[in-house]
Amino acid sequence: MKHTHPSDVTRRMQPIDPTLTPLPQPEAVTTIPVIEETARIEKQVVETGRVIVRKTVHHETQTVDVPTQEEHVHVERVPINQVVETPPEVRHEGDTMIIPVLREEVVVTTQLVLVEELHVRKRTLTQNNPQEVTLRREEVRYERIEGSPAPPDAAS
């Protein structure tokens, strides 16, 4: 198709004879309808199947070996019977704590006599105590049922 320029159209509409005056054209009123389309989108829940879930709890008894600790204290009384000027402090020799025990004796003057010492040793024993415990284990199984209609309140 040949495209024409708008100035070409104007030239063609001019009267061929310049002595002729163009006839007045009545103004035509044309109504053009304006249409607008809108889209309305809706969603609908459709059940495609159902699932049945079953949960089973199994109980089994197992023996477990649990290490426990227990401390024992051995106290040994060591007689000293020695006069001292000041009370001795509690002291440690290795894993032994030595606690002085004093007594005052009336002589012409008061003097401290170290009567004995307590030698305290601490020992830690570790024992295994087998005990029975009950453990629970859950097992879940499900089964899908295709195309079953949904109950009215299950459409979520």
What pairs of donor and acceptor atoms, side-chain ones from residues 28-41 against any protein atom, are under 3.5 angstrom apart with sequence neighbours left out?
residue, atom, partner, partner atom, Å
Arg40, NE, Glu42, OE2, 3.0
Arg40, NH2, Glu42, OE2, 2.5

Cluster link Val106 to Leu114, ILVMFWY, side chain under 4.5 Å: no
Hydrophobic clustering (ILVMFWY, side-chain heavy atoms < 4.5 Å, transitive) - are Val75 and Ile98 grouped together? no
So for atom CD, which belongs to Glu104, do other residues, nucleotides or ligands contribute more than 12 heavy atoms lying within a distance under 6.0 Å? no
Which heavy atom of Pro130 sits nearest to which heavy atom of Asp65, and what is that distance? N-OD1, 3.8 Å
For Glu71, all residues meeting side chain to side chain donor-acceptor pair (under 3.5 Å), sequence neighbours excluded: none
Just verifying a value: how many Å separate His59 NE2 and Thr134 OG1, rounded to the nearest 0.5 Å? 8.5 Å
With sequence neighbours left out, the residues meeting side chain to side chain donor-acceptor pair (under 3.5 Å) with Glu116 are Arg77
To the nearest 0.5 Å, how far apart are CD in Glu139 and OG1 in Thr56? 5.5 Å
Could you measure the distance from the CZ atom of Arg144 to the CZ atom of Arg50? Nearest 0.5 Å is fine. 11.5 Å
Quick one: do Val90 and Leu118 end up in the same hydrophobic cluster if we chain Ile, Leu, Val, Met, Phe, Trp and Tyr together by side-chain heavy atoms under 4.5 Å apart? yes
Run His74 and Arg123 through side-chain contact (heavy atoms from CB on, under 4.5 Å) and show every step you take. CA-CA 8 Å; His74 173 73; Arg123 228 176 33 159; over 6 Å; no
Restricting to side chain to side chain donor-acceptor pair (under 3.5 Å), what partner residues turn up for Arg136, sequence neighbours left out? none
Spell out, yes or no, whether Val73 and Leu125 are grouped together once hydrophobic residues are joined by side-chain heavy atoms under 4.5 Å, including indirect joins. no
Pair listing, side-chain hydrogen bond (donor to acceptor under 3.5 Å, both in side chains) test, anchored in residues 90-99, at least two apart: Arg91-Glu93, Arg91-Glu117, Thr96-Arg121
For residues 80-88, tabulate all N or O donor-acceptor pairs below 3.5 Å that involve a side-chain atom, not counting sequence neighbours.
none

Kindly work out whether a path of hydrophobic side-chain contacts (I/L/V/M/F/W/Y, heavy atoms less than 4.5 Å apart) joins Val113 to Val101. no
Show your working on side-chain contact (heavy atoms from CB on, under 4.5 Å) between Glu70 and His72 and close with a plain yes or no. CA-CA 7 Å; Glu70 181 179 307; His72 293 270; 2.6 Å; yes
